[in-house]
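Here's the structure, in structure tokens; my notes come after.
Just so it is clear: chains get the letters A, B, ... in the order the sequence lines come, proteins before strands, and each one is counted from 1.
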Number of protein chains: 2
Amino acid sequence: MRRGCEEASDGCHGKFRGFGYRMTLARQSILDVLSRTSKHLSAEEIYHEVYKTHPTSGLATVYRTVELLVQIGLVNKFDFGDNRARYELEIGSEHKAHHHHLVCMNCRRVIDYTDFIEEEVELLSKTEKGLSKKYNFQIKKHIIQFYGLCDKCQ
Amino acid sequence: MRRGCEEASDGCHGKFRGFGYRMTLARQSILDVLSRTSKHLSAEEIYHEVYKTHPTSGLATVYRTVELLVQIGLVNKFDFGDNRARYELEIGSEHKAHHHHLVCMNCRRVIDYTDFIEEEVELLSKTEKGLSKKYNFQIKKHIIQFYGLCDKCQ
DNA sequence: TTAGTAGTGATAATCATTATCAATAAGGAG
DNA sequence: CTCCTTATTGATAATGATTATCACTACTAA
Ligand SMILES: [Mn+2]
Ligand SMILES: [Mn+2]
Ligand SMILES: [Zn+2]
Ligand SMILES: [Zn+2]
């Protein structure tokens, strides 16, 4: 059951070391929280979750770690319009794979979707190739979000 | 030369009234600023620009107006990762048409692109149709951003 | 004109995120 | 295992973008 967490943590451990960072208990627990959830957590929400097993950890460390994870590329940072950053593991979790988002403009609910990805992936790689050449821009990642009204809000 | 501005303002005037809002001098000048530029301005940048012809206008009004414009759908609000919201006219400007963005993860430069849109548009409408049905989600708009390194930063 | 209300400017308040700094602990050398 | 170097941390103050307040002004409709 916990495999996802451990996999994520282990993989991250190596990645951390590779970048010259240390793997600490605080970072470990933050990674665990992120790999355990299927939600898009804010820094404070991560902090509360970490608190349950690691009450000595501080909020500042959550901010620092999460920012680090974004730099390394293990975590994605999103703005869903509720005035706080939200974070999500990019890979390595049992819950998550690369996906895009539907954001309800009314209730702010966020839906992950992986359907239609096959076709999207094809066009994306084509688009990325074209853009790279035309603008001499080296594309690392993309964010695709559809805004609208969810079933309960229309 | 100013056609773009006036078109935008005029169109907006009607839209404002339609939503039960008044078209004021302050709102007018904010719209003018937005339709005159090709940049992605922050609230404070808009304020400084408005100040040149309208020194009595306040920053709070810029925030209020710009948020109003987002609700109405005339303006798009973006997060390019520099800790402030940036705004851009959705339509009706000589400078702008619907487009997507390349964001440099290093220097934070933002490039508008409209190339490849034809193919993207096709897939997008297909994707939107599928998502709408599957999730019973009514899609109003989308945000597509590619992150990476610009020519000067790689 | 007049009452009712939307909009405004100044500014205080909010609150997510950062910076500071002394104390702590990861992890390599010996 | 012990010691040393220094990255990391927790507490907390500071920052800064965005919002809320409020008294006042400008529309608008009758
Ligand atoms: Mn997601
Ligand atoms: Mn743009
Ligand atoms: Zn909703
Ligand atoms: Zn750059």
* **side chain to side chain contact (heavy atoms under 4.5 Å, CB included) partner of B:V50, chosen from B:H48, B:K52, B:H54** => B:H54

* Structure fact -> What residues 42-64 of chain B contributes to the DNA chain D interface at heavy-atom separation below 4.0 Å is B:A60, B:Y63, B:R64

* Asked: So, the side chain of B:T65 versus the backbone of B:V62: is there a donor-acceptor pair under 3.5 Å, distance only?
  -> no

* Between C:dA6 atom C1' and B:F19 atom CZ, what is the distance in whole Å? -> 17 Å

* Working for side-chain hydrogen bond (donor to acceptor under 3.5 Å, both in side chains), residues B:E90 and B:N76 -> CA-CA 6 Å; B:E90 163 67 29; B:N76 288 323; 2.3 Å; yes

* Asked: Looking at C:dG27, C:dG7, D:dT9, which one has an atom nearest to any side-chain atom of A:M23?
  -> C:dG27

* salt bridge (charged side-chain N to carboxylate O under 4.0 Å, His left out) partners of B:R84, counting only residues at least two apart -> none

* Any residue of residues 79-88 of chain B with a heavy atom less than 4.0 Å from an atom of DNA chain D -> B:N83, B:R84, B:A85

* Atom CG of A:L68 to atom P of C:dA26: distance rounded to whole Å? -> 16 Å

* To do: Just report the end-to-end axis angle for the helix from C:dT1-D:dA30 to C:dG30-D:dC1, five pairs per end, to 10 degrees.
  => 40°

* Over 60° means perpendicular and under 30° means parallel, so classify the ring planes of B:F16 and B:Y21, tilted if in between. => perpendicular

* **Check: B:Q154 side chain, A:N136 main-chain N or O, donor-acceptor pair, under 3.5 Å** => yes

* Send over the distance from B:I30 CD1 to C:dG7 P, rounded to a whole Å. => 12 Å

* Atom pair distance, as rounded to whole Å: CZ in A:F16 and P in C:dG27 -> 11 Å

* To do: Would you check if the side chain of A:R86 reaches a backbone N or O of A:H40 as a donor-acceptor pair within less than 3.5 Å?
  => yes

* To do: Please figure out whether A:R22 or B:R27 has its closest DNA chain C nucleotide nearer the 5' end.
  => B:R27

* Residue list, salt bridge (charged side-chain N to carboxylate O under 4.0 Å, His left out) with A:E67, at least two apart or on another chain -> A:K77

* Asked: Any idea how A:H98 and A:H100 line up, ring-wise: parallel (<30°), tilted (30 to 60°), or perpendicular (>60°)?
  -> perpendicular

* Asked: Given the rule in the side-chain hydrogen bond (donor to acceptor under 3.5 Å, both in side chains) test, do A:Q145 and A:H101 qualify, once you have shown the distances and angles that lead to the verdict?
  -> CA-CA 5 Å; A:Q145 298 176 180; A:H101 294 117; 4.5 Å; no

* To do: Nearest whole angstrom, please: distance from the C1' of C:dA25 to the OH of A:Y21.
  => 19 Å

* To do: Could you tell me which residues satisfy side chain to side chain contact (heavy atoms under 4.5 Å, CB included) with A:N83, sequence neighbours excluded, listed by chain and number?
  => none

